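Notes to accompany the following structure.
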Amino acid sequence: MPLCKKKSGEQADSADAASPVQLQKKITLMNGVSIIVGSIIGSGIFVSPTGIFKEVNSIGASLLVWVLCGVYSFFGAYSYAELGTMIQRSGADYAYVLVAFGPFMAFLRMWCEILVMRPCSQTIIALTFAKYILEPFFTGCQAPIITEKLLAALCLTILTAANCWSIRASTWIQDICTWGKTLALIIIIIAGCVQVGRGKVEFFEEPFADSVMGVGNLVRAFYSGLFAYNGWNYLNCVTGEMKNPQRDLPLAIFISCAIVTVVYVLANAAYFTTVPVAEFVTTPAVAILFAKKISGFLAAVMPIFVSLSTFGGVNGVLLTTSRIFFVAAEEGQMPSFLCMIQQRLLTPLPAVLLVGLISLVYLTIDDIYVLVNYMGFVNWLAIGLSVSIVLYLRVKRPNDPRPIRVPIIFPIVYTMFTVLLCANAFIGAFWECAMGVVIILTAVPVYLIGVAWTNKPKSLLRWTSDLTRLVQKVFLVQLQEDGGAKSEAEKLVAAEEKEA
């Protein structure tokens, strides 16, 4: 029976007999900070933080944009804190859009997020990890593409296995990688301070000289900066697994945004103390060039720090994306086995495996960056829509309890500026934005056939029931034991079983 609820004696010995088979609330405040900081700080700040400078053309203006991007991201992140404490459920954007705008809009958001945007990003980060791990072995030349892809596949496989094994293993990896990459940036900042002490301040004597402050340049500069801050909403994907989300979610967001903004600004300032502007805008790896100019030892270990940063980035995406699959399956918008829990490990093993598998498939695509370019516009449009839900629910459900009530100016400013960014992107890169919209529209027939069509043939229901049983037998998974009313997934599995 797909809806098995009993654990064998052996299973009970491996898991806490007093705990029901469900996702465990084990994410602490420190883990939350690690997830956000680790998801935001990827390879970009080490490799090519040049997009802002190329647009505004001065050190002072570029550092100012870094600060403003941090403040703007905090407005969005703290708006998510209100949503996350009001709707205490994993799934982040998907869960919030579902509550505000219904299942169809939620499906569109989920479709783009977990089938294109996040797996593509995860694959690119894994490839960056492989590139920097291999760099010491291929000095002065490019490592073979097949070698990079095999190492990226190994990275994805190891992290998928860790996330299948336990939530503690995945959060432990995230903690180690987050504080490792933060340490690397602190070392860069300290080295920059030493350079200032040595009198290397000529680049700061006229920081705003030759600044280009046109509207188009500023919008494009913000667009580049905000991509570096992307990931502040990832903790909301695992709200349901936090020990104390009402306290820890807003605290983790505040602490993380402050850490990232300060570190980003100071690290960029440190680069300018040593790396000439002409080299800063052309080098493919700013941090490594900076390290080479400072110390041979630092240059040797910097690729390790970059690899550690990207390893944690892959883990953060994998951990949070699997929960979106999980929640969507609970709502009957994905196959029901994706919201099942491994009986002994108490992890969403089928959902984690699927995220890892999709990312491995994307490794076979030669020009994966094209897909990411197509989805950039869609990503910011969707995040802006999610932040606007704060305003929508203030009007539609004003009396609902809100443990955190953000100043109304936060979501207003964020939503208005997101509209400006999306409009500029649509005008400046029409073809890429249009392709992003096309990818969104591919979800419509899938929704109509897979979700809206309720009177499916008995043969199809039997096939899905057999598939669900097979997954349960192979992976020893079952639906959560929550003692409450049946979820959509339970109803769907029961219907499949009845028809079968």
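Everything numeric here is computed off the predicted structure, so don't read it as measured data.
- At least one side-chain heavy atom of Asn268 sits less than 4.5 Å from a side-chain heavy atom of Leu63.
- Within the model, atoms CZ of Arg109 and CE of Met117 stand 4.5 Å from one another, a figure rounded to the nearest 0.5 Å.
- Pairing each heavy atom of Ile253 with each of Ala81, the nearest pair is CD1-CB, 3.8 Å.
- Looking only at side-chain heavy atoms (C-beta outward), Tyr96 and Val390 stay at 4.5 Å or farther from each other.
- Under the 30°/60° scheme for interplanar angles, the aromatic rings of Phe104 and Tyr447 are found to stand perpendicular.
- Taking a 6.0 Å sphere around NZ of Lys149, one finds it holds more than 12 heavy atoms contributed by other residues, nucleotides or ligands.
- Of the possible donor and acceptor atoms, none in the side chain of Thr261 sits under 3.5 Å from a partner among the backbone N and O of Val67.
- Here the side chain of Ser336 pairs no donor or acceptor atom with the backbone of Gly332 at under 3.5 angstrom.
- Thr347 contributes no side-chain N or O that, together with a main-chain N or O of Trp165, makes up a donor-acceptor pair within less than 3.5 Å.
- Relative ring orientation between Phe75 and Phe410 is described as parallel, the plane-to-plane angle staying below 30° on a 0-90° scale split at 30° and 60°.
- Tested against Tyr94 for a side-chain hydrogen bond (donor to acceptor under 3.5 Å, both in side chains), the candidates Arg323, Gln333, Arg89 yield a single pass: Gln333.
- The distance from the CG atom of Leu183 to the CD1 atom of Ile187 is 4.0 Å, given to the nearest 0.5 Å.
- What you find for Gly32 and Ser256 is that their closest heavy atoms are O-OG, 4.5 Å.
- No donor-acceptor pair closer than 3.5 Å links the side chain of Asn424 to the backbone N or O of Arg220.
- Inter-residue side-chain proximity for Val352 and Pro348 is flagged as met; some heavy-atom pair is nearer than 4.5 Å.
- With respect to Lys131 and Glu148, no salt bridge is recorded, no charged nitrogen being found less than 4.0 Å from a carboxylate O.
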*Do Tyr72 and Phe222 pass the ring-ring contact (aromatic ring centres under 6.0 Å, His included) test, and can you show the C-alpha distance, the side-chain angles, and the key distance before you say yes or no?*
CA-CA 10 Å; Tyr72 174 75; Phe222 267 91; 7.1 Å; no
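- Using modelled atom types, one side-chain atom of Thr178 and one backbone atom of Ser34 make a donor-acceptor pair closer than 3.5 Å.
- Around atom CE of Met435, more than 12 heavy atoms belonging to other residues, nucleotides or ligands sit under 6.0 Å away.
- The aromatic rings of Phe272 and Phe280 sit tilted, their planes meeting at an angle between 30° and 60°.
- Tyr223 and Trp380 have tilted rings, their planes meeting at an angle from 30° to 60° on a 0 to 90° scale.
- Using modelled atom types, no side-chain atom of Tyr392 and backbone atom of Leu385 make a donor-acceptor pair closer than 3.5 Å.
- Considering only heavy atoms from C-beta on, Met340 comes within 4.5 Å of Thr468 through its side chain.
- Surrounding CZ of Phe254 are at most 12 heavy atoms belonging to other residues, nucleotides or ligands under 6.0 Å away.
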*asked:* ring-ring contact (aromatic ring centres under 6.0 Å, His included), that's the test. Do Phe337 and Phe475 meet it? Break it down for me.
replied: CA-CA 10 Å; Phe337 59 79; Phe475 298 112; 8.9 Å; no
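- Taking all atoms of both residues into account, the shortest heavy-atom contact from Leu318 to Gln122 is N-OE1, 3.0 Å.
- Summarising the local packing, CH2 of Trp172 is surrounded by 12 or fewer heavy atoms from other residues, nucleotides or ligands at distances under 6.0 Å.
- Using modelled atom types, no side-chain atom of Tyr414 and backbone atom of Ser73 make a donor-acceptor pair closer than 3.5 Å.
- Checking side-chain atoms of Lys181 against main-chain N and O of Leu308 turns up no donor-acceptor pair under 3.5 Å.
- In this structure a side-chain-to-backbone donor-acceptor pair under 3.5 Å is missing from Glu330 to Cys339.
- Scanning all heavy atoms of the two residues, the minimum distance from Val281 to Thr50 falls at CA-CG2, 4.0 Å.
- Summarising the geometry of Leu345 relative to Leu349, their closest heavy-atom pair is CD1-CD1, 4.3 Å, with the distance given to 0.1 Å.
- Distance check: Ile294 CD1 to Ile188 CD1 gives 10.0 Å after rounding to the nearest 0.5 Å.
- Residues Ser386 and Val97 form a side-chain contact, since some pair of their non-hydrogen atoms from C-beta on lies under 4.5 Å apart.
- A distance of 10.5 Å separates OG of Ser359 from CG of Leu159, quoted to the nearest 0.5 Å.
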*Is there a side-chain contact (heavy atoms from CB on, under 4.5 Å) between Asp93 and Tyr80 once you walk through the steps?*
CA-CA 9 Å; Asp93 306 44; Tyr80 265 52; 2.7 Å; yes
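- With Arg344 contributing its side chain and Gln342 its backbone, the two residues share no donor-acceptor pair below 3.5 Å.
- The distance from the CG atom of Asn163 to the OG1 atom of Thr171 is 9.5 Å, given to the nearest 0.5 Å.
- Proximity of Phe311 to Ile176: side-chain heavy atoms (C-beta onward) are nowhere separated by under 4.5 Å.
- Taking the side chain as every heavy atom from C-beta outward, Asn233 and Thr320 never approach each other to under 4.5 Å.
- Contact annotation: the side chain of Val314 approaches that of Cys155 to within less than 4.5 Å [non-hydrogen atoms, C-beta and beyond].
- Minimum interatomic distance between Thr85 and Leu249 (heavy atoms only, all atoms of both residues): N-CD2, 4.0 Å.
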